[in-house]
Amino acid sequence: MKRLPADQLLAWFAHARRDLPWRQQRTPWRVWVAEIMLQQTTALVASKRFPEFMQRFATPRALAGAEESAALAAWAGLGYYRRVRSLQQAARVVVRDHAGSVPRNEQILRGLPGIGDYTAAAIVALAFNQPAAVIDANVARVMARWLGHESPVNSQAFRSAAREVLLHSVPAAQARNFSEALIELGALLCRAAAADCAACPLARSCVAHSTQSVERFPHPAPRKLSTAVDSLRLLVRRGRRVVMVQRPADAALLPGFWELPGAWLPRGSATDAAMLRTLLAPIGLKAAGEGRVLRQVSHSITTHRLRCRLVEVDARGRLRSAALVDPTAPQRNLTTESAKLLRVGAI
DNA sequence: AAATCGTGGGA
DNA sequence: TTCCCAAGATT
């Protein structure tokens, strides 16, 4: 079987390696948290948030013992909040079943909430220097090109081919550097849009490069289309505070988060007095007048593109199922959409 | 197993 | 502005 040129890869990594926060004081817990934070999140964003999160939750035990709202607050703005909820659940399992230390076994790790094939392999390799098939989007792209594999990167055929080559190529004592080097190679050289083959230590043996077809691999995934939505958010003042409501605990989207009262509406919906009445009635309020638009921001949530308008409304009534919050110092976990509407300048 | 979950940043 | 991407997991 073809084998990746590990020595050349490691030599390249030795000088190209970026100095990222999670590569300092490497411990299993720091590796784990970093891998979760980096899921679908750029290294630039994660590097700004990682140090503070680790300071706040320095051990699995620290996170396990915290309130969920504190964990969410430390994750605010990173998105995919299920990640931190799962991480906290997993930390509790580790405290309960593993005396608070991160398991070294890939299968045990794989069974913890929020840890899939990639993250289990990454922890084993990067934290414990054990050989594993660490295949993230970067490595998948590198391997698809290097092998010239025609199958989609999420196919079983490609995955098993890549896994076999990786496990056959990884130097037993260099699992950490080898695995991290391939990720780094994908991030720095073998990028999706533009590959820098001239600098690549794998180019000599790369099928895509030798056939001048790097841009053909991997085959692009079909585009998911997004929906345009108008989000109407109401600003109802009570002195210095404003009315906020909490999303249901079983909501598919952002469960348990607080936000300004309002709704998502089909793009172009009328925002007349009747609409205000409909939105305010559930929280016991009755609008006086039509309200006025204070500002508009754009935001997107997975497949939805939101145009968010903040409408100030005078309303009376006895508040139900809602809370009064100081918008300059919100104590609760807000949706980013509402936070954006309140953040832009003073209201 | 295709659809869904958030967000910031760069092109 | 708009589009696309970024160290995936879950159902």
Side-chain angles (χ1 to χ4, degrees), chain A residues 17-18 20-23 30-50 72 75-87 89-90 109-127 132-143 152-156 159 176 179-188 190-194 218 220-229 231 247 250-257 259 296-308 333-340 343:
Chain A
R17 181 181 186 273
R18 289 172 293 176
L20 297 165
W22 43 88
R23 292 177 176 169
R30 288 172 63 84
V31 169
W32 183 0
V33 172
E35 289 309 325
I36 301 299
M37 192 174 283
L38 284 161
Q39 290 172 4
Q40 304 294 286
T41 302
T42 60
L44 175 63
V45 171
S47 65
K48 293 186 216 162
R49 303 296 303 278
F50 179 79
L72 285 168
W75 206 263
L78 287 170
Y80 287 128
Y81 298 96
R82 183 170 58 193
R83 292 184 292 173
V84 71
R85 292 182 149 120
S86 298
L87 181 62
Q89 291 171 22
L109 287 165
R110 180 64 180 78
L112 294 171
I115 297 187
D117 289 339
Y118 163 74
T119 305
I123 293 172
V124 156
L126 304 186
V134 184
I135 308 176
D136 72 331
N138 290 303
V139 177
R141 185 172 57 252
V142 171
M143 294 305 294
V153 290
N154 59 0
S155 69
Q156 187 57 43
R159 292 275 151 181
R176 171 182 297 132
S179 303
E180 197 159 41
L182 275 178
I183 297 172
E184 193 79 330
L185 185 73
L188 296 182
C190 197
R191 289 169 305 179
R223 281 182 53 192
K224 297 163 196 160
L225 28 76
S226 60
T227 313
V229 172
S231 180
R247 300 176 60 82
D250 61 354
L253 197 62
L254 299 168
F257 279 73
E259 63 187 352
Q296 181 170 314
V297 304
S298 56
H299 185 61
S300 56
I301 297 180
T302 64
T303 60
H304 303 278
R305 306 188 310 278
L306 307 187
R307 185 172 65 189
C308 314
N333 292 309
L334 303 187
T335 66
T336 297
E337 180 202 339
S338 286
K340 274 187 184 177
R343 187 191 303 154

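In the text below, chain A, chain B and the rest are named by the order of the sequence lines, each starting its count at 1. Here the structure is a predicted model, which is why all the values come from computation and not from measurement.
- Counting any heavy atom pair closer than 4.0 Å across all strands shown, Ala193(A) reaches no nucleic acid atom.
- Electrostatic pairing of Arg17(A) and Glu184(A) does not count as a salt bridge here, judged by no charged N lying under 4.0 Å from a carboxylate O.
- Nearer to the 5' terminus of DNA chain B, by closest-nucleotide assignment, is the contact made by Tyr80(A) (compared with the other of Tyr80(A) and Val45(A)).
- Arg307(A) comes within contact range of no nucleotide atom at all, as no heavy-atom separation falls under 4.0 Å.
- The side chain of Gln39(A) places no N or O atom within less than 4.0 Å of a non-bridging phosphate oxygen (OP1 or OP2) of dA7(C).
- Ser231(A) pairs in a side chain to side chain contact (heavy atoms under 4.5 Å, CB included) with only one of the listed residues (Ser298(A), Cys308(A), Ser338(A)), which is Cys308(A).
- Comparing the P positions of dA3(B) and dA7(C) gives an interatomic distance of 23 Å, to the nearest angstrom.
- Distance noted for atom C1' between dA6(C) and dC5(B): 15 Å (whole Å).
- Residues Asn154(A) and Leu253(A) each lie close to DNA chain B; by heavy-atom proximity, the contact nearer the 5' end of the strand is made by Asn154(A).
- At whole-Å resolution of the value, CZ in Arg83(A) and P in dA6(C) are 15 Å apart.
- Counting non-hydrogen atoms under 4.0 angstrom, Ile36(A) reaches nothing in the nucleic acid.
- Atom pair Leu188(A):CG and dA6(C):P shows a separation of 12 Å (rounding to whole Å applied).
- The side chain of Thr42(A) places no N or O atom within less than 4.0 Å of a non-bridging phosphate oxygen (OP1 or OP2) of dA6(C).
- For Arg82(A) and dA9(C), a side-chain-to-base donor-acceptor distance below 3.5 Å is present, hydrogens and geometry of angles not being considered.
- Using a 4.5 Å heavy-atom threshold, the side chains of Arg18(A) and Ser47(A) count as separate.
- The closest side-chain heavy-atom distance from Ile183(A) to Val139(A) is below 4.5 Å.
- Of all heavy-atom pairs between Asn138(A) and Gly186(A), the closest is OD1-C, 3.4 Å.
- As judged by a 4.0 angstrom heavy-atom cut-off over every strand, Leu254(A) is placed among residues touching the sugar-phosphate backbone only.
- An OP1 or OP2 oxygen of dG6(B) is reached within less than 4.0 angstrom by no side-chain nitrogen or oxygen of His299(A).
- Contact annotation: Thr119(A) side-chain N/O to dA9(C) OP1/OP2 distance is under 4.0 Å.
- Using a 4.0 Å heavy-atom distance criterion, Trp32(A) is classed as making no nucleic acid contact.
- Comparing Leu38(A) and Arg110(A), the nucleotide of DNA chain C nearest to each residue sits closer to the 5' end for Leu38(A).
- Asp117(A) has its side chain out of reach of Arg159(A): every pair of non-hydrogen atoms, C-beta onward, lies at least 4.5 Å apart.
- Among the atoms of the strands shown, base atoms are found under 4.0 Å from some heavy atom of Ile183(A).
- In this structure, Ala252(A) reaches the sugar-phosphate backbone alone: every heavy-atom distance under 4.0 Å involves primed, P, OP1 or OP2 atoms, never a base.
- Nucleic acid contact class of Ala192(A) (heavy atoms, under 4.0 Å, all strands): sugar-phosphate only.
- For the pair Lys48(A) and dG9(B), the criterion of a side-chain N or O lying under 4.0 Å from OP1 or OP2 is met.
- Between Thr302(A) and dG6(B), a side-chain N or O to OP1/OP2 separation shorter than 4.0 Å is absent.
- When the P atom of dC4(C) is taken as reference, atom CZ of Arg141(A) falls 16 Å away, rounded to whole Å.
- Comparing the same atom, P, in dG8(B) and in dA9(C) gives a spacing of 22 Å after rounding to whole Å.
- Between dT7(B) and Tyr81(A), a contact under 4.0 Å exists linking OP1 or OP2 to a side-chain N or O.
- Side-chain contact check for Tyr118(A) and Gln39(A): no donor-acceptor pair (N or O, by modelled atom type) lies under 3.5 Å.
- Per the geometry, CG belonging to Asp136(A) stands 15 Å off P belonging to dC5(C), to the nearest Å.
- The gap from the C1' atom of dT10(C) to that of dA1(B) amounts to 11 Å, rounded to the nearest Å.
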